[in-house]
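Positions are given from 1, in the same order as the sequence printed here. Everything numeric here is computed off the predicted structure, so don't read it as measured data.
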Amino acid sequence: MRLWPGSLYGRLVIVFISSLLLAQVIGIVVSSREASRALVTLNNTQWVQRVSETATLLESEGDAERLRVATVLSGVRLKVQLEAQMPPVPTQSLSLDDSTVELQGLLEPALAGRSTHIYLEKRELAGIHRVVDVQLHDGSWVRFDYLRPPSLSQWPYPLLLESLVLSIAIVLVSLFAMRWVTRPLSTLARAADELGVDLNRPPLPEEGPVEVRAATAAFNNMQARLRDYIYERTRILTAVSHDLRTPITRLRLRAELLADEELKAKLVRDLQEMENMTNATLSFLRGFEDREMLQSVDLMALLESLETDSVDTGYDVQLLGRIQRPIMLRPRALRRLLDNLVTNAIRYGKRAIVTVEDLGSEVVIRVRDAGTGIPPQELEKVFEPYYRLETARSQDGGGTGLGLSIARNIAELHGGTLILQNHPAGGLEAILTLPIRD
């Protein structure tokens, strides 16, 4: 499972939320510690004031009145006990914690030199008691036995709630802002990926931050320069290929005047091959200038028409599978692609089995022949312009080596792919994958 996202937006979200959560956790911990510390100090200050005032009050009263004061001050958590002598040390006394040590430091100056003893005692059912013994000026003692709460500081629920609400608000606003900032980058990435598919797409809108606008402007300029370069090269090559027809025609006429029939046949055959190559080149170059727009096409009807035309021509073509929905295609270009694949299958493999499959997000069309296949190292080379296998060169009508190049160009024009593979059951299989656009 991939936890680290690949997109810039996803990474920004992860980094931002992680940083925000870390900052909030640190802030809550620090605030809680400070609040706990302040609460402990406040509690100790109040405790010192109560002990000091009680000791002063008891020293100003007689024995009977002292007992009444101790009774009045005693409650559920605090017991005030009068002792004639120093009370015994609690049997289960504990080491003093930081809070009690702080209390001890505050009591000594507040009690003006009176002797004090402080203990922490753990009792079975009552919990932890803080015991403070103070000697009065007449030599008697008073014990303050205080049942300490389980914790002087509780979870800061208001702070947690406030931090949660604030974090949610910041995250929502930040997600919107990051999406707004990164959307032009996503658009630019998609346009760069589709540049080879449609070089004539309209320029991207230059919007967003300065850096993104600069990158978009550079992309638009690059697209315009590429389009101009390819069109200029295509026009030159088209003109050259077209002009070659005239000298080829003159040479054919002159060859007909030769008396040597064998030499004449060789020249005519070579000239025919040159003319075929010229026509194929022109057809190939016209593919770059094809302005056919995408349109909703009944692909099943197109395939059935191809099967019918091929069978009427005498080809052994079989169509398998179905696709029920129309998809966005360039119908003339796709028909040309499929014609090339079926023609190759018939020429080199005697028959063509065309299988169509709808995979949801894409359509896969397979064209398989009944031939012997081709060497694995040649599976990619045959897509190069004018490249032909040695066996194809030796056959009459073996083509010019542009059919598969044209087919792959058309597949890529649709945003799809075209590959060849040797089928395990024999024969060569061409696999065309076309994305389904909404």
Exercise: identify the closest heavy-atom pair between [X] and [Y]:
X    : Y    : result
N44  : S99  : ND2-O, 3.1 Å
V354 : I365 : CG1-CG2, 4.0 Å
A352 : V367 : CB-CG1, 4.4 Å
A411 : L337 : N-CD1, 3.6 Å
I323 : V363 : CD1-CG2, 3.3 Å
E59  : R66  : CA-NH2, 3.7 Å

Quick check: do [X] and [Y] have side-chain heavy atoms less than 4.5 Å from each other?
X    : Y    : value
L204 : F219 : yes
D316 : K350 : no
T433 : L359 : no
R330 : H414 : yes
L334 : L432 : yes
E65  : L57  : no
L420 : F383 : yes

Does [X] have any side chain to side chain contact (heavy atoms under 4.5 Å, CB included) partners at least two apart in sequence or in another chain, and if so, which?
X    : result
V297 : Q295, L302, L329, P331
T54  : R50, L58, L73, F144
S74  : V80
D312 : T308

Exercise. For E53, enumerate each residue passing the salt bridge (charged side-chain N to carboxylate O under 4.0 Å, His left out) test, keeping only those at least two apart in sequence or located in another chain.
Key: none
Quick check against the 3.5 Å criterion: does [X] have a side-chain atom that pairs as donor or acceptor with the backbone of [Y]?
X    : Y    : result
S296 : M328 : no
S305 : A301 : no
Q104 : I118 : no
H129 : V131 : no
N422 : I374 : yes
E121 : P90  : no
S140 : L136 : no

Within [range] or reaching into it, pairs that qualify as ring-ring contact (aromatic ring centres under 6.0 Å, His included) - sequence neighbours excluded:
range            : result
residues 67-116  : none
residues 320-339 : none
residues 78-124  : H117-W141

Quiz item: Under the criterion side-chain contact (heavy atoms from CB on, under 4.5 Å), which of L147, L103, L96 is the partner of R130?
Solution: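 Checked L147, L103, L96 against R130; only one passes side-chain contact (heavy atoms from CB on, under 4.5 Å): L103.
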For [X], I'd like to know if atom [atom1] has over 12 heavy atoms of other residues, nucleotides or ligands within 6.0 Å.
X    : atom1 : result
Y315 : OH    : no
Q377 : CD    : yes
D63  : CG    : no

Could you state the interatomic distance from [atom1] ([X]) to [atom2] ([Y]), rounded to the nearest 0.5 Å?
X    : Y    : atom1 : atom2 : value
L418 : I406 : CG    : CD1   : 12.5 Å
R332 : R335 : CZ    : CZ    : 13.0 Å
Q81  : D133 : CD    : CG    : 9.0 Å
S310 : D339 : OG    : CG    : 6.5 Å
L428 : L379 : CG    : CG    : 7.0 Å

Quiz item: Taking only residues two or more places apart in sequence, or in another chain, which ones meet E206 in a side-chain hydrogen bond (donor to acceptor under 3.5 Å, both in side chains)?
Solution: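 By the side-chain hydrogen bond (donor to acceptor under 3.5 Å, both in side chains) rule, E206 matches no residue at all.
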Quiz prompt | L320 and R368: CA distance, side-chain angles, deciding distance, side chain to side chain contact (heavy atoms under 4.5 Å, CB included) verdict | solution = CA-CA 11 Å; L320 304 175; R368 177 188 168 195; over 6 Å; no
Quiz item: Which pairs, with at least one residue in residues 354-365 and sequence neighbours excluded, count as a side chain to side chain donor-acceptor pair (under 3.5 Å)?
Solution: R325-D358
Exercise. Would you list the pairs meeting salt bridge (Lys or Arg N to Asp or Glu O under 4.0 Å) in which at least one residue belongs to residues 416-434, sequence neighbours left out?
Key: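 Listed once each, the pairs are R366-E429.
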Quiz prompt | Any pair counted as salt bridge (Lys or Arg N to Asp or Glu O under 4.0 Å), so long as it reaches residues 369-382, sequence neighbours left out | solution = E380-R408
Quiz item: Looking at K79 and D145, does any basic side-chain N land under 4.0 Å from a carboxylate oxygen?
Solution: no
Quiz prompt | T100 side chain to D97 side chain, donor-acceptor N/O pair below 3.5 angstrom | solution =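 Side chains of T100 and D97: pair found under 3.5 Å.
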Quiz prompt | Test side chain to side chain contact (heavy atoms under 4.5 Å, CB included) applied to L413 and N409, step by step | solution = CA-CA 6 Å; L413 183 66; N409 284 337; over 6 Å; no
